[in-house]
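Proteins come first, then strands; the chains are lettered A, B, ... in the order of their sequence lines, and each starts at number 1.
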Amino acid sequence: MSKLLLIDGHSIANRAFYGLPDLTNSQGEHTGAIFGFINMMLKFIDDEQPDNFAVAFDVHAPTFRHKMFEAYKGTRKPMVPELKEQIPRIQEMLRAMGVPVITMEGWEADDILGTLARIGEEKGFDVTIVSGDRDLLQLATEKVKISIPKTKKGGTEIENYFAADVKEAYGVTPKQFIDVKALQGDTSDNIPGVEGIGPKTAQTWIAQYGSIEECHAHVDEMKKGKVVQNFIDQWDIAVLSKELATINVNAPIELEEGCTKLENLFTEEAYLLCKRYELKKLLPRFEASTTTKVQDNRAETFKRIYDFTDVEDFFAELKKSGKDFVGASIMAGEDKRIKGAALSVGDSTVYVDCAGFITPDYLGHKLMEISKAGVKLCFWDLKNAMHLLYELMSDDEKQAILTNGGKAEIFPTAVDVAVAAYLLNPTKNAYTADDVASEMLGIIIPAQADLFGKTKLNAALEDDNLLEAVTTYACYNAYVAFAAFEKVIAQIKEEGMLDIYENIEMPLVYTLFDMELQGIAMDKEALAEYGNRLSVRINELEQSIYSQAGEEFNINSPKQLGVILFERMGIEGGKKTKTGYSTAADVLEELSATNPIICDILEYRQLAKLKSTYADGLAACVDSDGRIRSTFMQTVTATGRISSTEPNLQNIPIRMELGREIRKVFYPKDGCIFLDADYSQIELRVLAHMSGDENLIGAFKAGQDIHRSTASLVFNTPFDEVTDLQRRRAKAVNFGIVYGISAFGLAKDIGVGRKEAQEYIDNYFVAYPKMHEFLEGLKSDGKEKGYVTTMYGRRRPIPELSSSNFMTRQFGERVAMNSPIQGTAADIIKIAMVNVHDRLLKEGLKSKLLLQVHDELLVEALESERIQVEKLIAEEMENAAKLAVNLEIDMNAGKTWAEAH
DNA sequence: CCAATCACG
DNA sequence: ACGTACGTGATTGGT
């Protein structure tokens, strides 16, 4: 038996749009409905396995009812622009997938669906119509099924209606469904119906008499009353209503023979669109279904070489050609041992395989050699490439690198295309060759998953069967690095970010490399001892909690904990979340007086965190030389900050005394001390400068305690009479401003009413008159341009600003206010880092920059160099930027990180 | 693989 | 009538 699947385009697009968060791609185009639609469609195709398939749309975007608007029945809202712009794209995608998109001027999608269903049934098809609209139930027969997807929490459920199911659910046949609607009307569809008749009456009448005509004929039998009288008086309207409510199944549709035949949906064209809209979750479906053929066929020209002669030939060729730019991609596994490297100069791309005679050592030195000869190597992750090179150096060479830095000793003039691409859009999750290739070069190349499937790169490198795939992957990396770099730079230049790229980000790659290489010494024994101390107390608390709860359970499970506290123990005041009770610290703290178990849980949580993340977590990261080496990520944050991973050294505890003790196990090497310098109020100083507000600038210039000064102005209190509470609240206001103020957030933070919080904010803007104008300017500027910038021109796109969703847009506004401030501060400390690092080397000092924690630098300084280094750090940090206010730092020396900060 | 929690700036 | 502070990463539990 053949099957025909029909989809109600606008209705399902609408479901998809409201069922998903507001997804956008990196261009800021809304894509949630496209994704949701195609996803839902594929699910139906999988479930139904139809052999014929079509999608119907209204010619013009209809209006829609939505939960949100139920209160205003009859005033259907027009389609929001975010959805509207996606409709043509959905249709484009469908056409690309070879799906017939059927629209007819003068006919609604309902009529098209009904007509197709009728024709299909006549031809002996089983028909399924997918729609969110219950009006289509009138089309149900024994062979025509109406499928209505319902979004429930925990996924979508589908209600299926054959004729019998309609009867069961509504007590009337599908055809009678029309009569019911004719009586009750539907204001949102402009079907008047009969006054005074609602769903109840309509259903009862039709169930009894079968149609409005029969009702009319038997009107005498009915109980006299207002409603019956209305029915008699408004008979004409009822008839008209029935006509309006009836879906016309005789639309003059002419379809080419066989055009609804379902063929391969996963076409090349659709794949391109999928990439274009960055529908990442859908890509695997296309990749599994299309053969590995891609638009770009350069892979055939890639050469794998594994003889000295071939390698020497390539480098000789390179030298002869006088080319000074080479795309490069080094392949290495977990052990950091180089397996090979791809090199590309565009026309010629080779993969040098470290098999046979060619050793990693030879290859590595060859790369260093050409770099030092002035060839600019372009990597996807230069910092990592340098680490790989470092690993295969001799002890003497390693010493030289540690002393003189990676720039001088490894790759003096290399560049990083990922770092460059990050500047163009810092909000992406990854900067891969396939992504950049499609964006900058307009070509489709295989992504890692296309070549290796689920196999990790590490494993692929060990698998001889995947040598071909590894070669292709590496070569494309090298090729795209070569071919796209100039274009990326051209765009950077166009967008005014060349200065940031050349003078901040690229030098920073080398600075971060040296920092990562240095690492920081850990007292392993002290760390273990600290962990043991925690364990003892954790066990005590565990027992205490179990006995108070009356049973053992997993305290680490918020789900179990919530049940124990708020159900078994009946503690009042539990707040609910989507999934259950909230057991977050701020919620529990409010209840801590209620029951002593709460205090134990809070303490348990704190200690468990310290033990798992810090005591155990850090211990697992200590290298064989007793030092711990973090990776600083330069292409992660949306604002321009760096981040730190494996381990994260930017969130080592400090606020609580017990946590702070961890810092005692970080210590400088023999003959050294730590110098720790942090900017004082850098974000507020940046704010003062960027806003140009004289009062804020004045307060900083006067060297005043800035929160006290704000308190004095906001609370209208003489500076010296500001209370601690006032200062604390003013501090929260200052934070709030930097975060993109909202009365609600501020109120929650300081525990006052929203009205009062709003007053503080109002007072703040009176106190600092230019601030309001400045922040408003950021918002309107961002809205107009689609992005905001830091003082140095670093961009952050904010597509949320043009959302019609209130919450999303509001979020965009906060981001527009915060990013320029946080980002400018990030720019400044990056400049300081590079300058401190470079000057330490230039002045021949042995002291080393080890860490950056957003507004803080940690230097391991030789005791003998201390005075000079202190001066150097202060100069470079304070002079990193020239602002309307001074950049001040606090610097401390210490024998541990705890002491120095 | 995601949500909740909590550590930092 | 919505339901919120900005930016990160690691761990844990649960699907």
Counting the atoms with a prime plus P, OP1 and OP2 as sugar-phosphate, which does [X] contact under 4.0 Å by heavy atoms, base, sugar-phosphate, or nothing?
X: A/Arg796; value: sugar-phosphate
X: A/Glu683; value: nothing
X: A/Ala608; value: nothing
X: A/Ala747; value: nothing
X: A/Leu610; value: nothing
X: A/Asn651; value: base
X: A/Glu646; value: sugar-phosphate
X: A/Asn554; value: sugar-phosphate
X: A/Ser742; value: base
X: A/Val853; value: sugar-phosphate
X: A/Ser644; value: sugar-phosphate

So, A/Tyr764 versus A/Tyr768, ring centres under 6.0 angstrom or not?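 Ring-ring flag for A/Tyr764/A/Tyr768: true, centres closer than 6.0 Å.
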To the side chain of [X], which of [options] is closest?
X: A/Ser643; options: C/dG9, C/dG14, B/dT5; result: C/dG9
X: A/Phe811; options: C/dG14, C/dA5, C/dG7; result: C/dG7
X: A/Arg605; options: B/dC6, B/dG9, C/dT11; result: B/dC6
X: A/Gln560; options: C/dA10, C/dG14, C/dA5; result: C/dG14
X: A/Ala732; options: C/dA5, C/dG7, C/dG9; result: C/dA5
X: A/Asn648; options: B/dG9, C/dT8, C/dG9; result: C/dG9
X: A/Tyr614; options: B/dA7, B/dC6, C/dG9; result: B/dA7
X: A/Arg641; options: C/dC6, C/dA10, B/dG9; result: B/dG9
X: A/Ile741; options: C/dA5, C/dG3, C/dT8; result: C/dA5
X: A/Asn556; options: C/dT8, C/dT12, C/dG3; result: C/dT12

[atom1] of [X] versus [atom2] of [N]: gap in Å, rounded?
X: A/Gln852; N: C/dG7; atom1: CD; atom2: C1'; result: 12 Å
X: A/Leu607; N: B/dC6; atom1: CG; atom2: C1'; result: 13 Å
X: A/Ile555; N: B/dA4; atom1: CD1; atom2: P; result: 20 Å
X: A/Leu775; N: C/dA5; atom1: CG; atom2: C1'; result: 14 Å
X: A/Phe553; N: C/dT12; atom1: CZ; atom2: P; result: 17 Å
X: A/Tyr581; N: C/dG14; atom1: OH; atom2: P; result: 17 Å
X: A/Arg663; N: B/dA7; atom1: CZ; atom2: P; result: 13 Å
X: A/Gln606; N: B/dA7; atom1: CD; atom2: P; result: 6 Å

Using atom P of each nucleotide, how far apart are C/dT4 and B/dA3 to the nearest Å?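 After rounding to an integer number of Å, I get 14 Å for this pair.
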Rounding to an integer number of angstrom, what distance separates B/dA4 and C/dA5 when you compare their P atoms?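 About 13 Å, rounded to a whole number of Å.
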Does A/Arg754 count as lying over the ring of A/Phe744, i.e. NZ or CZ under 6.0 Å from the six-ring centre, within 45 degrees of the axis?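 Here A/Arg754 fails the 6.0 Å and 45° test against A/Phe744.
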Are the side chains of A/Gln822 and A/Val738 in touch, meaning some heavy atoms are under 4.5 Å apart?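 No, every pair of side-chain atoms sits at 4.5 Å or beyond.
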Below 4.5 Å, heavy atoms only, C-beta onward: do A/Thr637 and A/Ile642 meet side chain to side chain?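 Answer no - side chains too far apart.
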Looking only at heavy atoms, what is the nearest atom pair of [X] and [Y], with distance?
X: A/Ser819; Y: A/Thr790; result: O-CG2, 4.3 Å
X: A/Ile571; Y: A/Thr594; result: CG2-CG2, 4.3 Å
X: A/Val815; Y: A/Pro820; result: O-CD, 4.0 Å

Counting just side-chain N and O atoms, does [X] come under 4.0 Å of either OP1 or OP2 of [N]?
X: A/Lys559; N: C/dT15; result: yes
X: A/Arg655; N: B/dC6; result: no
X: A/Lys748; N: C/dA5; result: yes

What is the base-pairing partner of C/dC2, counting Watson-Crick and G-U wobble geometry with both distances under 3.5 Å?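 Its partner is none (no Watson-Crick or G-U wobble pair with both distances under 3.5 Å).
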For C/dG14, the Watson-Crick or wobble counterpart (both distances under 3.5 Å):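 Base-paired to B/dC1.
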Checking side-chain contact (heavy atoms from CB on, under 4.5 Å) against A/Leu857, which of A/Met891, A/Met877, A/His837 comes through?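 Running side-chain contact (heavy atoms from CB on, under 4.5 Å) over A/Met891, A/Met877, A/His837 with A/Leu857 returns exactly one hit, A/Met877.
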Under 3.5 Å, is there any donor-acceptor pair linking the side chain of A/Arg814 to the base of C/dT4?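 Answer yes: a donor N or O sits under 3.5 Å from an acceptor.
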Among A/Glu776, A/Glu800, A/Glu813, find the one that has a salt bridge (Lys or Arg N to Asp or Glu O under 4.0 Å) with A/Lys783.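 Going through A/Glu776, A/Glu800, A/Glu813 one by one, the salt bridge (Lys or Arg N to Asp or Glu O under 4.0 Å) with A/Lys783 is satisfied by A/Glu813 alone.
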Of residues 822-833 of chain A, the positions that come close to DNA chain B - non-hydrogen atoms, cut-off under 4.0 Å: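 Within this stretch, A/Gln822 sit under 4.0 Å of the strand.
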Decide side chain to side chain contact (heavy atoms under 4.5 Å, CB included) for A/Arg660 and A/Glu657; before the verdict, give the C-alpha distance in whole Å, the side-chain angles of both, and the deciding distance to 0.1 Å. CA-CA 5 Å; A/Arg660 191 181 194 135; A/Glu657 182 49 39; 3.8 Å; yes
